[in-house]
Amino acid sequence: MPTLEQRINDCLVPVFHVLESGSDPVLRPSEHADFQVNGVMGLAKRLGVKPREVAERIVNEVDFAGLIETVEIAGPGFLNLTVSERAFVEQLEMIASDEHLGVPNATAPEVVVVDYSAPNVAKEMHVGHLRSTVIGDSLCRMLEFTGNRVIRRNHIGDWGTPFGMLIEHLIDQGEDAAVANLSMGDLDGFYREARTKFDADDVFRDRSRQRVVLLQGGDAETLRLWGILVQESIQYFGAVYQELGITLSEADVVGESSYNDMLDDVVADLDAKGLLVDSDGALCVFPEGFVNRDGEPLPVIVRKSDEGYGYAATDLAAIRDRVSNLSADRLLYVVGSPQAQHFAMCFAVATMAGWLNDQVVAEHVAFGNVLGPDRKMFKTREGGTVKLKVLLDEGSERARAALAERASNDGDRDHIAHQLAMGAIKYADLSTDRQRDYVFDWDRMLAFEGDTGPYLQYAHARICSIFRRGDDLPVGGPIILGEPAERALALQLTGFADAVASALDVLSPAKLCTYLFELAQSFTSFYESCPVLKAPDRTIMASRLTLCRLTASTLQVGLDLLGIEAPEQM
RNA sequence: GCACUCGUAGCUCAACGGACUAGAGCAUCUGACUUCGGAUCAGAGGGUUGGGGGUUCGAAUCCCUCCGAGUGCACCA
């Protein structure tokens, strides 16, 4: 189903193309009207004609098929368009009858592999994993909602030298005791103890090193012990995902170790393509355009001089696997911006190898840091990392306290507090542009005022309460947009599909956040000035109820795309 | 040193090369119906968009340069 904006654009395009083939009307939402056309000036310049003349010609020739009420030429050559009531009503009826609320499926659906979250085995999930997890999950939801096939990949850190000491520590503790420890979620404690012994105890250090050799050599007993660590950690991650409402499941966990068997093939493939260079014993690829401090070419080290493999090899194997075995059209990596160069280089190598090309693309969906109140990396008062679990629990606790202040003795308060807290945390994260750092501030995100998750949830809950309060409510009937606030709400409601599209276009849920906030604002304005249950007559009441219902659905679906729940009461 | 990201109101953030007043939210101030849930709404003040050049009919946006912050730059991930 085309959006209103698309339909209007479709009316303009033929006229623009008569004047210059391929030209774009540059139709945009406007402060001066419902939409404005910005493309006239550029076109006029290229044609060497006065903008106003071009504007007049377009106005005379365009057929808006009843979508547009008035067209005005303004300023140097803008066209200000006012949408007709009939067009709004038609569009709203289409949206209301569509379970996707008018959001069209992608014209060319893709297989998209989204790599996100990626915590480390035997390490606590901390605030540093929050953004990847929350942003990645929202992107998955939006991609699926628009008809793409999404394959989630949780690339957990389950391999490498630290596992020598972790396994030895597991042996020292005894399996049962260790499992009991780990299942309580005290992953950091376990890791710290192992580390302390490793640093202090020579014998333990030697054992750890030998254990790494056994692990890499595929020793069955060592692998069994390793598997315990991995399994316990995955269980724990799952619990955190559940609390936070993340759609990752155990089936999506494909850790670093999963690629071990493919690493030799990666080397062989790159070698066959003549890309490998021996540099001080390491097998490297030197993609163009990357230099080190001294201006010398910078390598991607595929195999280390000790014949071991590093993370670059794993990431290359993952690209190759996702392209050839998963038939991906698109690879997304929701990973912090410090990894930008690493991914740029891996993608460059993968392109040299022919794994990536015009049809199969990889993108690093980079994001900034979560900062503390001091504008530095968010840490605990003691300077340690902030455990995600602790953070989530604190949020629920704070939300519960805030709810208690507002009385209402709901038995469901704990549940609602949890929904509010998760919504607040996620919205605060998602509503800031990915690339920027953002300051984690409980008071702001849970203030329940302004541009926050709870404000959107509140708007939704208020609408639900209208339907709870009224009895014998009229259903159906024509939509009437008599009041300016009704019209403004209608305009906003018709923009949902465009908002989803633009969020996906730049892979930034923040765009959808902005849209939903504006929708909530349009709704509350409408709600103040247009009585629903006390409407002048049943016809207007029915029309307003339809607007309410559609707003509630849009908020609910929109929030769901952000991974945020929309409770009916709060 | 080189590369990437960022710099917009007191604070947190928008703005897809477009318009007469660069928008919101928080905070501040002023109002509003003894409320279809006030966790609200209406309004006010608050800005040489880090500085300086340039391209353009038009620049927060593009280019150059300088300043500031963060990050990365060979066998850790």
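Here is the naming used below: chain letters follow the sequence lines, and residue numbers restart at 1 for every chain.
- Across the interface with RNA chain B, nearest-nucleotide mapping of Gly157(A) and Phe78(A) shows Phe78(A) to be the residue nearer the 5′ end.
- Between Lys376(A) and A69(B), a side-chain N or O to OP1/OP2 separation shorter than 4.0 Å is absent.
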If a protein heavy atom is under 4.0 Å from the base, mark B; if only from the sugar-phosphate, S; if neither, -; do that for nucleotides 10-16 of chain B going 5' to 3'. --SSSSB
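- For Thr432(A), there are no side-chain hydrogen bond (donor to acceptor under 3.5 Å, both in side chains) partners at least two apart in sequence or on another chain.
- Considering only the side chain of Cys284(A), A74(B) comes nearest among A74(B), C76(B), G37(B).
- Proximity of Leu263(A) to Arg303(A): side-chain heavy atoms (C-beta onward) are nowhere separated by under 4.5 Å.
- Checking the phosphate oxygens (OP1, OP2) of C57(B), a side-chain nitrogen or oxygen of Lys45(A) falls inside 4.0 Å.
- For Asn80(A) against A19(B), a side-chain N or O and a base N or O form a donor-acceptor pair under 3.5 Å.
- Remark: Thr524(A) is in phosphate contact with C41(B), judged by side-chain N or O atoms under 4.0 Å from OP1 or OP2.
- Separation of the P atoms belonging to A42(B) and A24(B) is 11 Å when rounded to the nearest angstrom.
- Considering only side-chain atoms of Met41(A), the nucleotide from A39(B), C75(B), G18(B) that sits closest is G18(B).
- At least one donor-acceptor pair under 3.5 Å links the side chain of Gln492(A) to the backbone N or O of Tyr515(A).
- Not one N or O on the side chain of Arg462(A) forms a donor-acceptor pair closer than 3.5 Å with the backbone of Gln457(A).
- Defined by atom type and a distance below 3.5 Å, a donor-acceptor pair is present between the side-chain atoms of Asp451(A) and Tyr427(A).
- A sub-4.0 Å separation between OP1 or OP2 of U40(B) and a side-chain N or O of Arg462(A) is absent.
- Looking at heavy-atom distances under 4.0 Å, Pro454(A) makes no contact with the nucleic acid at all.
- A donor-acceptor contact shorter than 3.5 Å links the side chain of Ser132(A) to the backbone of Ser117(A).
- Listed candidates were A27(B), G72(B), C2(B). Nearest to the side chain of Val291(A) is C2(B).
- Following rounding to the nearest Å, Ile301(A) (CD1) and A74(B) (P) show an atom-to-atom distance of 8 Å.
- Taking atom C1' on both nucleotides, G43(B) is separated from U21(B) by 15 Å, rounded to a whole Å.
- The closest side-chain donor-acceptor pair between Thr70(A) and Thr82(A) falls under 3.5 angstrom.
- In this structure, Phe467(A) atom CZ and G37(B) atom C1' are separated by 15 Å, rounded to whole Å.
- Among the protein residues, Gly160(A) comes within range of no part of the nucleic acid, since none of its heavy atoms lies under 4.0 Å from any strand.
- Residue Gln521(A) places no side-chain N or O under 4.0 Å from the OP1 or OP2 atom of C41(B).
- Contacts of Glu307(A) with the nucleic acid, taken as non-hydrogen atoms under 4.0 Å apart, are absent.
- Toward the 5' end of RNA chain B, the nearer of the two residues Ala461(A) and Val40(A), judged by each one's closest nucleotide, is Val40(A).
- Ala44(A) comes within contact range of no nucleotide atom at all, as no heavy-atom separation falls under 4.0 Å.
- The distance from atom CE of Met570(A) to atom P of G37(B) is 14 Å, rounded to the nearest whole Å.
- In this model, the phosphate group of A42(B) is approached by a side-chain N or O of Ser525(A) to a distance below 4.0 Å at OP1 or OP2.
- G23(B) and C64(B) have their P atoms separated by 29 Å, given to the nearest Å.
- As a whole-Å value, the separation of Tyr427(A) OH from C26(B) P is 12 Å.
- Phe343(A) places its CZ atom 15 Å from the C1' atom of U71(B), with the value rounded to the nearest Å.
- If you check C2(B), G72(B), A39(B) against the side chain of Gln341(A), the one that comes closest is G72(B).
- U48(B) and A22(B) have their P atoms separated by 12 Å, given to the nearest Å.
- Among the atoms of the strands shown, base atoms are found under 4.0 Å from some heavy atom of Ala282(A).
- Side-chain to base pairing of Gln36(A) with A19(B): one donor and one acceptor N or O lie within less than 3.5 Å of each other.
- For Tyr458(A) against A39(B), a side-chain-to-base donor-acceptor contact under 3.5 Å is absent.
- Spacing between C76(B) and G70(B) at atom P, rounded to whole Å, works out to 28 Å.
- Here G45(B) sits opposite no nucleotide as a Watson-Crick or G-U wobble pair (both hydrogen-bonding atom distances under 3.5 Å).
- Across all strands shown, C4(B) is found opposite G70(B) as a Watson-Crick or G-U wobble partner, with both distances under 3.5 Å.
- Here Cys530(A) lies in heavy-atom contact (under 4.0 Å) with a base.
- Look at the C1' atom in both G25(B) and A39(B): the space between them is 15 Å, to the nearest Å.
- At whole-Å resolution of the value, CD in Glu53(A) and C1' in C57(B) are 15 Å apart.
- Of the candidates A24(B), A77(B), C6(B), A24(B) carries the atom nearest the Phe517(A) side chain, counting heavy atoms from C-beta on.
- His342(A) and Tyr311(A) have their aromatic ring centers within a separation under 6.0 angstrom.
- Here G7(B) presents its C1' atom at 14 Å from CG of Leu371(A), a figure rounded to the nearest Å.
- Comparing C41(B), A74(B), A39(B) against the side chain of Tyr455(A) picks out C41(B) as the nearest.
- Nucleotide U56(B) has no partner under the Watson-Crick or G-U criteria, as no pair reaches both atom distances under 3.5 Å.
- Using N1 to N3 plus N6-O4 or O6-N4 for Watson-Crick, or N1-O2 and O6-N3 for G-U wobble, each under 3.5 Å, G23(B) pairs with C13(B).
- With hydrogens and angles left out, the side chain of Ser279(A) and the base of A74(B) share a donor-acceptor pair within 3.5 Å.
- The separation of C66(B) from G7(B), taken at their C1' atoms, amounts to 14 Å, rounded to a whole angstrom.
- Between His126(A) and Phe378(A), the ring center distance fails the sub-6.0 Å criterion.
- Between the side chains of Asp429(A) and Tyr438(A), at least one donor N or O sits under 3.5 Å from an acceptor N or O.
- Rounded to whole Å, atom P of C2(B) lies 14 Å from atom CG of Asn292(A).
- Among all heavy-atom pairs drawn from Phe343(A) and Asp315(A), the shortest one is CE2-OD2, 4.5 Å.
- In this structure, Tyr458(A) has its ring center at least 6.0 angstrom away from the ring center of Tyr455(A).
- Distance check on atom P: U71(B) versus C63(B) gives 25 Å, rounded to whole Å.
- At a threshold of 4.0 angstrom between heavy atoms, the contacts of Gly295(A) with the nucleic acid are absent.
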